[in-house]
2 protein chains.
Amino acid sequence: MTIAQVCKRCNVTADTLRYYERVGLIPAVRRSPSGIRDYTEGDVNWVTFIRHMRAAGLQVSALARYVGLFRKGDASLAERKDILIRQRDLLAKRMEAQREVLARLDAKIANYEERCVAWERAHLRKP
Amino acid sequence: MTIAQVCKRCNVTADTLRYYERVGLIPAVRRSPSGIRDYTEGDVNWVTFIRHMRAAGLQVSALARYVGLFRKGDASLAERKDILIRQRDLLAKRMEAQREVLARLDAKIANYEERCVAWERAHLRKP
DNA sequence: GCTTGACCTGGAGCGTACGCAAGGTGGTAT
DNA sequence: ATACCACCTTGCGTACGCTCCAGGTCAAGC
């Protein structure tokens with residue numbers, strides 16, 4: 001599969017895919033004799049996985065460490081698990097802060113709703 | 001209140017507070033005749049509000065627009081409400097993506113848990 | 001044979017949100 | 001008086017995560 005096809009399927013730019021590979025966010029992709037990348041389904045799975053994780057705010061460095069550990073096989077299972085747990089906890093913490101802010105925003109919006117109505121009553125000519 | 005005191009109370013650096021003021025994330029702070037900032041409780045409220053919003057990932061530019069609208073008084077109520085609603089929706093969307101990722105991480109971790117146990121059974125000498 | 005277009009590499013550039021250091025001022029403690 | 005410390009401004013530096021560009025290569029169609 002060419003890089004362009006992966007771009008479409010995963011909704012990323014070619015630059016981003018090459019960047020991901022360069023920094024080890026996805027394992028090295030096989031190349032044709034002339035050096036052109038040839039993605040497998042497995043590669044695409046990595047890309048989509050990384051995209052999801054990135055969308056949730058997981059850091060590139062942590063994900064790269066995680067991906068890098070796969071080269072060491074099953075001996076790195078525990079280490080990989082630790083990374084996942086750490087990232088999971090960080091994510092849960094961020095979500096907690098966001099829940100509070102979301103509630104505050106909702107309260108604020110409700111308040112604005114009222115005040116907007118009041119302002120309109122005071123400033124719009126009566127029908 | 002001096003900038004140092006606000007730093008402690010809000011857990012920010014002085015640089016950040018000056019930056020916030022410069023880009024309009026908080027309204028202009030009163031100065032002493034010699035130019036030293038003198039924060040009011042109201043200022044501190046702004047700072048904590050902004051810190052919470054920033055912690056949840058709301059962008060500086062959006063918050064600056066929101067703060068800027070206060071100078072226009074009640075006539076800007078509707079516009080401010082729109083900003084809040086937009087930011088609230090963006091936040092809700094991010095949280096949704098994060099919820100999915102959190103679930104995936106939990107599943108992955110559970111799977112690792114099992115595989116780690118299996119690996120240990122295979123590699124540790126029997127007692 | 002030549003053009004076209006997709007791909008390659010290396011490296012520079014960019015937006016965001018600060019952080020830091022240099023050089024200067026002012027109030028106060030000794 | 002002078003030393004000191006907290007504060008000021010200006011402007012450059014940094015980390016992160018891409019993004020873009022120049023210059024080159026390769027395979028295919030005309």
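Letters A, B, ... mirror the listed sequences (proteins, then strands); counts begin at 1.
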Base versus backbone protein contacts along nucleotides 7-22 of chain C [heavy-atom cut-off under 4.0 Å; B, S, -]: SSB-------BBSB--
Residue list, side-chain hydrogen bond (donor to acceptor under 3.5 Å, both in side chains) with B/Asp89, at least two apart or on another chain: none
For B/Ala14, side chain to side chain contact (heavy atoms under 4.5 Å, CB included) partners two or more places apart: B/Ile3, B/Cys7, B/Arg18
Euclidean distance, atom CG of residue B/Leu17 to atom P of D/dT9 [Å, nearest integer]: 13 Å
Protein-nucleotide distance (B/Met1, atom CE; D/dC7, atom C1'), rounded to Å: 16 Å
Salt bridge (Lys or Arg N to Asp or Glu O under 4.0 Å) contacts in which one or both residues fall within residues 22-35 of chain B, not counting sequence neighbours: B/Glu21-B/Arg31, B/Arg30-B/Asp38
Axis-to-axis angle between the two ends of the helix from C/dG1-D/dC30 to C/dT30-D/dA1 (five base pairs per end, rounded to 10 degrees): 20°
Qualifying residues under side-chain hydrogen bond (donor to acceptor under 3.5 Å, both in side chains), relative to A/Asn111, sequence neighbours excluded: none
Partner residues of A/Glu41 under the side-chain hydrogen bond (donor to acceptor under 3.5 Å, both in side chains) criterion, sequence neighbours left out: A/Arg9
Which residues share a side-chain hydrogen bond (donor to acceptor under 3.5 Å, both in side chains) with B/Arg99, sequence neighbours left out: B/Glu96
DNA chain C contacts made by residues 90-101 of chain B, counting heavy atoms under 4.0 Å: none
Aromatic ring pairing A/Phe49/A/Trp46, orientation class (parallel under 30°, perpendicular over 60°, tilted between): perpendicular
Side chains of residues 50-66 of chain A: which donor-acceptor pairs under 3.5 Å do they make with residues two or more places apart or in other chains?
residue: A/Arg51; atom: NH1; partner: A/Tyr20; partner atom: OH; Å: 2.8
residue: A/His52; atom: ND1; partner: A/Thr48; partner atom: O; Å: 3.1
residue: A/His52; atom: ND1; partner: B/Arg104; partner atom: NH1; Å: 3.0
residue: A/Arg54; atom: NH1; partner: A/Leu58; partner atom: O; Å: 2.6
residue: A/Tyr66; atom: OH; partner: B/Tyr112; partner atom: OH; Å: 2.8

Sequence neighbours excluded and cut-off under 3.5 Å, please list the side-chain donor-acceptor pairs for residues 81-88 of chain B, or say none.
residue: B/Lys81; atom: NZ; partner: A/Glu113; partner atom: OE2; Å: 2.8
residue: B/Arg88; atom: NH1; partner: A/Asp106; partner atom: OD1; Å: 2.8
residue: B/Arg88; atom: NH1; partner: A/Asp106; partner atom: OD2; Å: 2.9

Listed partners of B/Tyr39 passing ring-ring contact (aromatic ring centres under 6.0 Å, His included), at least two apart: none
